[in-house]
Structure formats: C-alpha cells, structure tokens
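A note on names: the letters A, B, ... follow the listed sequences, proteins ahead of strands, and every chain is numbered from 1. Since the structure is predicted, the reported quantities are computational estimates derived from the model, not experimental observations.
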There are 2 protein chains.
Amino acid sequence: MAFSIGELSRRAGVKVPTIRYYEAAGLMPPAPRSDGGQRRYGRADAERLTFIRHARELGFEPEAIRELLDLTAHPEQSCATIDAIAARHLREVERRIASLGRLRDELARMIGECGHGRIGDCRVVETLADHAHCAGEHP
Amino acid sequence: MAFSIGELSRRAGVKVPTIRYYEAAGLMPPAPRSDGGQRRYGRADAERLTFIRHARELGFEPEAIRELLDLTAHPEQSCATIDAIAARHLREVERRIASLGRLRDELARMIGECGHGRIGDCRVVETLADHAHCAGEHP
DNA sequence: TCTACGATCTCTAGCGACTAGAGGTTCAAG
DNA sequence: CTTGAACCTCTAGTCGCTAGAGATCGTAGA
Ligand SMILES: [Zn+2]
Ligand SMILES: [Zn+2]
Ligand SMILES: [Zn+2]
Ligand SMILES: [Zn+2]
C-alpha cells in the first residue's frame, strides 16, 4: 500500500532529492512518516508527482503548477482559469520562439556575410563589436 | 583619459556590479587602480565591454565569449575558429527553437481540444496528468 | 583648505530549480 | 540478528548576475 520515496521516484520518474525539494517548495504536500521517520506515499502522490513532472517538461513554472494543482482539487468548477494559465504559457512560449528566431536570423546573417579570411576582417567579430551592423533590434 | 567604472558603465551600457563580476569571471582584465584603489579604464576597455555586452545579448555563453576575445587578440590568424564558435551557437539556438516549437504545438493542441467545461473534464488537465495524451515526445 | 556627498571599494548573501555530498539512521532480506 | 541498500537532514555548489552593508575615495563648492 504505502511505499517509499525511492519507489515513488521510480514510478513518477523524478529523482529522490527533487521530490524532497518539491515538498519543501510546497508542490508536494508534507508526506506522512513511518515510525522511523521515513516518508510514505500512496497512489495519489504518484499521480500528483507525475502531473508535476509532465507540466515541468511542458515548461510550466512551479508557481503555475501550484495554481493548476489547487484548481484540480475542485473538479466541479469551470476550467476557464486552467485554460487561461495554459494559454498564458503558450503565449510566453511563442514570445520566446519569436525572440530566438530574430537571434537565429542575426547569427545566420553575420556568419553568412563573413568571407572566412583573417580575424582582422571577420564579419562575425565586426558585428559583435558593433550593434550597428545588426539588421534589427534584439532584447 | 582614464575614467571610472561608473563612466565605463555608461559608455558600454553595463551595470557597475556586472563589470566587477566580469572582472572576477575573467572576461575583463584586472583593471589598474588609482592611488586610492579605484578602478581606472581606457578606450580599449570600453570596446571590449561593448563586445561582451553585445555577444551576451546575442546569447553567447561567457565561456564562448572568452574564446572569442582570446582569438581577436591575433588578427592575422584565420577566423575559422571564430566562425565555428558562432556556427555552434547558431545550431544551439536552432535546436532550442525546434524544441520550443514542439512545445508550442503540444500546448496549442491541448488547449484546442478542451471543450471549456468543468475541470473534471478539462483536456488540459487530462493531458498534463498523462503524457500518453501528447502527440509527440518532448525533452 | 575644509567639508560635504556622491561614487566607489570589498564582502556577503540571495535568486530559481535543482544537484551533490557528508555523516548518521532505518528498513527489509536472508 | 546481521548486513547493506535506502533513507534522513543539513550544507554547499551550480550560473549569471543583483542587492545590500559598511567603509573609503574623489571632487567640487565655500
Ligand atoms: Zn569570420
Ligand atoms: Zn546587435
Ligand atoms: Zn479546459
Ligand atoms: Zn507529454
């Protein structure tokens, strides 16, 4: 029935120290303890930790995951807030993609313009030395 | 001629504590000092720091910037190594863009599939709870 | 020349999200 | 009952800065 932190680690695919960190960070509830003081877990903990791991893999911040977990405790309520959190995260991901896209273009241009001769004439060095050689802005 | 760290900060657009951090990190050379022990800089330092700032803005790691700065000290040599460092960084940026693109698709699909009803039926929650609901892999 | 006050100095600590290790205790198989 | 793997807590380290405390320096006005 009740299992150890190592078993939980295997079931959810999360390292043992990370589980303890999540408990200290308030993502996992304080686990009940055995007589000797070791943490004991149940099926619900494995599900919660799997949820946390997957949300982290999808880039959600711990704070957002806390909100999501709180909301799932009330299955009867509207999921509007949950969807809004996900949509907010999606917008943030899109923003980062756009930003990295500008970066990629600038890097590609800089490399493409270099004649690959001496360092003194390298276009990469010139561009890094002076933002005026950049096509657009970057944050 | 020689100017203070505050003046260097204004010229290069880098905060004063960050300049001291760069010195400790080996990106900037140890600055000569005034009689009272304050750092004094010259034109070359402002150029070097501007280079560092711009390279950081373009996402280069401090370690890569150190290599670039070392190489620019030998303007007669071939710029092949410099271009290789830049190309390596470009590949890394492209890798991150691709990874974020997969993330974006997964998030958009997850949100798009939700009927926006009760939390108990929310597709976002279902997907976060079980990676089997994801279309592809994510790192 | 004295004084005031902003700028600079060093040192320490904090951020976020973990990860690694030391040194000590508990659990479970044989 | 013994053994040894797994567990416990606590501290410290990662990276690239950033923010303070408390002391000292530099410079301009009176
Ligand atoms: Zn080149
Ligand atoms: Zn630029
Ligand atoms: Zn929903
Ligand atoms: Zn998934």
*Asks:* Whole-Å distance between C/dA7 C1' and B/L8 CG?
*Replies:* 14 Å
*Asks:* Does B/S34 place a side-chain N or O at less than 4.0 Å from the phosphate oxygens OP1/OP2 of D/dC25?
*Replies:* no
*Asks:* Reckon A/K15 has a side-chain N or O less than 4.0 Å from the OP1 or OP2 of C/dT19?
*Replies:* yes
*Asks:* Is it true that, when you exclude A/R43 itself, more than 12 heavy atoms of the residues, nucleotides or ligands shown sit nearer than 6.0 Å to its CZ?
*Replies:* no
*Asks:* Could you state the interatomic distance from SG (B/C134) to CE (B/M110), rounded to the nearest 0.5 Å?
*Replies:* 8.0 Å
*Asks:* Quick one: is D/dC17 close enough that its OP1 or OP2 comes under 4.0 Å of any side-chain N or O from B/Y22?
*Replies:* yes
*Asks:* Heavy atoms only, 4.0 Å cut-off, all strands: where does B/E61 land among base, sugar-phosphate and nothing?
*Replies:* sugar-phosphate
*Asks:* Phosphate oxygens OP1/OP2 of D/dT18: is one of them under 4.0 Å from a side-chain N or O of B/T18?
*Replies:* yes
*Asks:* I need a per-nucleotide contact map over nucleotides 1-10 of chain D, read 5' to 3'. Cutoff is protein heavy atoms under 4.0 Å; write B for the base, S for backbone only, - otherwise.
*Replies:* ------SSB-
*Asks:* When rounded to the nearest 0.5 angstrom, what is the spacing between CZ in A/R56 and CG in A/L27?
*Replies:* 8.5 Å
*Asks:* Ring of B/F3, cation from B/R11 - is the NZ or CZ under 6.0 Å from the centre and inside 45° of the axis?
*Replies:* yes
*Asks:* Which sits closer to the 5' end of DNA chain C, A/D35 or A/L27, going by the nucleotide each is nearest to?
*Replies:* A/L27
*Asks:* Mind calculating the distance between OH (B/Y21) and P (D/dG16) to the nearest angstrom?
*Replies:* 5 Å
*Asks:* Does A/I85 reach the side chain of A/R88, with side-chain heavy atoms less than 4.5 Å apart?
*Replies:* yes
*Asks:* Can you measure B/L49 atom CG to D/dC17 atom P for me and round it to whole angstrom units?
*Replies:* 11 Å
*Asks:* Tell me whether the rings of B/H131 and A/H54 are parallel (<30°), tilted (30 to 60°) or perpendicular (>60°).
*Replies:* perpendicular
*Asks:* How many Å lie between CZ on B/R53 and P on D/dC17, as a whole number?
*Replies:* 13 Å
